[in-house]
Amino acid sequence: MKDREGWLYKIFLEGPANNYFQFSFDWVIIFLLCVSLVTLLTIYFIKSDNTKRLKIFKCLAVVLFILELTRITLQFGKYSFEAIQAGNGGVYTSDISWPSANLGTLISAISFTWCAFNVWTQVFLLKKNNEKYYKKYGSLVFLLGGFSILAVLLPYGKPNYNIQFIQTVITHFIIAIVPIYMIIDKKIDPKIKDIGKVICQVLVLMWISFFASRLSGSNFLYLKDNTEIFPFLPYVEFPLSLPILCSCYAIMYLVIVGIYNIVKKIRANRSKQIIFDE
């Protein structure tokens with residue numbers, strides 16, 4: 001078997017970067033390049049008519065779907081390869097015996113994180129393009145979009161210029177800008193009164209992640225240790241941590257909606273001023 005430092009491993013299976021949370025010149029250049037491309041796409045989107053905007057949404061849905069399947073495939077290969085190298089017979093991290101030795105590996109590869117949930121929710125909404133679904137899940141996508149923006153701003157240290165790095169960067173930038181495009185196109189309009197519905201949806205996703213973590217031995221959404229995502233909170237095991245986590249996510253939603261309402265009000269005042277001047 002090839003050594004894990006072989007070129008095939010580096011190109012396809014190695015993670016997207018090293019030294020997370022550390023800035024590097026490489027990452028700054030890549031970040032600025034992506035921001036420039038996103039800015040150009042946004043300008044084009046704003047100037048486009050409804051037909052072109054629908055085509056852009058459809059294209060983004062297809063790209064996200066392909067990128068996410070690519071990530072799952074590569075992650076499954078990575079975990080399986082590393083488990084075999086470690087002598088675990090292809091089982092990545094499973095605390096329980098299963099009929100399928102690769103079940104835990106597959107669940108770990110699918111990854112039940114906020115960004116993964118965001119990808120599939122956006123693909124569903126963009127593909128369906130139905131007002132009913134936008135009204136039902138639009139505010140959730142808005143909240144998850146806030147998480148995606150934080151992921152975009154996360155410095156990657158020294159990038160590994162491979163398939164997973166390209167997939168990670170493109171995916172996170174797309175899921176960060178899609179909620180903005182939905183707002184521009186008037187498909188979603190997040191409101192404070194939607195907070196109850198959003199928190200119920202977040203609760204469902206946390207329980208899904210919890211059971212997926214139990215099945216795979218992973219720690220999706222850091223539910224096994226809430227201090228990893230909210231270091232200022234006391235350590236409480238899930239599901240006892242649910243009231244604390246829901247409160248934190250509710251506050252985050254209110255803050256993001258508050259910022260959105262401020263921007264919306266400023267734009268409305270500017271529009272009135274332009275009309276008045278004319």
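- The shortest side-chain heavy-atom distance between Phe220 and Ile107 falls under the 4.5 Å cut-off.
- Note that CG of Asn118 and NE2 of His172 are 9.0 Å apart. Values are rounded to the nearest 0.5 Å.
- Side-chain N or O atoms of Thr113 include one that pairs as donor or acceptor with a backbone N or O of Ala116 at under 3.5 Å.
- Looking only at side-chain heavy atoms (C-beta outward), Lys135 and Ile188 stay at 4.5 Å or farther from each other.
- Connection of Leu153 to Trp27 is established within a shared hydrophobic cluster, with ILVMFWY side chains joined at heavy-atom distances below 4.5 Å, either directly or through further cluster members.
- Side-chain N or O atoms of Asn219 include one that pairs as donor or acceptor with a backbone N or O of Leu223 at under 3.5 Å.
- Among all heavy-atom pairs drawn from Pro179 and Gly145, the shortest one is CG-CA, 4.0 Å.
- Between atom CG of residue Leu126 and atom CD1 of residue Ile56 there is a gap of 11.5 Å, rounded to the nearest 0.5 Å.
- Contact detail for Ile149 and Ala176: the closest heavy-atom pair is CG1-CB, 4.0 Å.
- When side chains are defined from C-beta on, Ile177 does not count as touching Phe45, because their heavy atoms never get closer than 4.5 Å.
- Cluster membership check: Leu150 does not share its hydrophobic cluster with Phe142, using side-chain heavy-atom separations under 4.5 Å among Ile, Leu, Val, Met, Phe, Trp and Tyr.
- Leu33 and Ile166 end up in different hydrophobic clusters when Ile, Leu, Val, Met, Phe, Trp and Tyr side chains are linked at under 4.5 Å.
- Under the side chain to side chain donor-acceptor pair (under 3.5 Å) criterion, Tyr137 pairs with no residue, sequence neighbours left out.
- Rounding to the nearest 0.5 angstrom, the gap separating the OG atom in Ser108 from the CG atom in Leu215 is 10.0 Å.
- Between atom CD1 of residue Ile174 and atom CG of residue Leu64 there is a gap of 4.5 Å, rounded to the nearest 0.5 Å.
- Judged purely by distance below 3.5 Å, without hydrogens or angles, the side chains of Tyr134 and Asp189 never pair a donor atom with an acceptor atom.
- Note on Val178 and Val35: same hydrophobic cluster, where clusters join Ile, Leu, Val, Met, Phe, Trp and Tyr whose side-chain heavy atoms are under 4.5 Å apart, directly or indirectly.
- Between the side chains of Lys191 and Asn261, not a single donor N or O lies within less than 3.5 Å of an accepting N or O.
- In this structure, Leu140 and Lys197 have side chains that are not in contact, with every pair of non-hydrogen atoms separated by 4.5 Å or more.
- Within 6.0 Å of atom NZ in Lys58, more than 12 heavy atoms from other residues, nucleotides or ligands are found, so the atom counts as buried in its surroundings.
- The closest donor-acceptor contact from the side chain of Arg71 to the backbone of Ala109 lies under 3.5 Å.
- Ring pair Phe65/Trp120 is perpendicular by interplanar angle, where above 60° counts as perpendicular and below 30° as parallel.
- Interatomic distance, OG1 of Thr121 versus OH of Tyr133, reported as 13.5 Å (0.5 Å rounding).
- In this structure a side-chain-to-backbone donor-acceptor pair under 3.5 Å is missing from Tyr181 to Phe57.
- With hydrophobic clusters built from ILVMFWY side chains whose heavy atoms lie under 4.5 angstrom apart, Phe238 shares a cluster with Val204.
- Contact annotation: the side chain of Gln122 never approaches that of Leu144 to less than 4.5 Å [non-hydrogen atoms, C-beta and beyond].
- The shortest distance between side-chain heavy atoms of Val62 and Lys127 does not fall below 4.5 Å.
- Closest approach of Ile30 to Phe165, counting heavy atoms only: CD1-CZ, 3.5 Å.
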Test side-chain contact (heavy atoms from CB on, under 4.5 Å) on Leu245 and Tyr249 and set out the steps.
CA-CA 6 Å; Leu245 292 174; Tyr249 290 126; 4.2 Å; yes
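- Using a 4.5 Å heavy-atom cutoff, the side chains of Ser209 and Phe117 are in contact.
- Separation of the Tyr222 and Trp114 ring centroids does not fall under the 6.0 Å cut-off.
- In this structure, Phe112 and Ser213 have side chains that are not in contact, with every pair of non-hydrogen atoms separated by 4.5 Å or more.
- The CD1 atom of Ile195 sits 9.5 Å away from the CG atom of Leu143 when rounded to the nearest 0.5 Å.
- Of all heavy-atom pairs between Arg53 and Ile46, the closest is NH2-O, 3.0 Å.
- Between the side chain of Asp49 and the backbone N or O of Thr51 there is at least one donor-acceptor pair closer than 3.5 Å.
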Yes or no on side-chain contact (heavy atoms from CB on, under 4.5 Å) for Leu203 and Cys246, after CA distance, side-chain angles and deciding distance?
CA-CA 8 Å; Leu203 266 171; Cys246 287; 3.6 Å; yes
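- Under a 3.5 Å cut-off, the side chain of Gln201 and the backbone N or O of Ser139 do not form any donor-acceptor pair.
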Determine, step by step, whether Thr171 and Val63 satisfy the side-chain contact (heavy atoms from CB on, under 4.5 Å) criterion, reporting the C-alpha distance in whole Å, the side-chain angles of both residues, the deciding distance to 0.1 Å, and the verdict.
CA-CA 8 Å; Thr171 297; Val63 171; over 6 Å; no
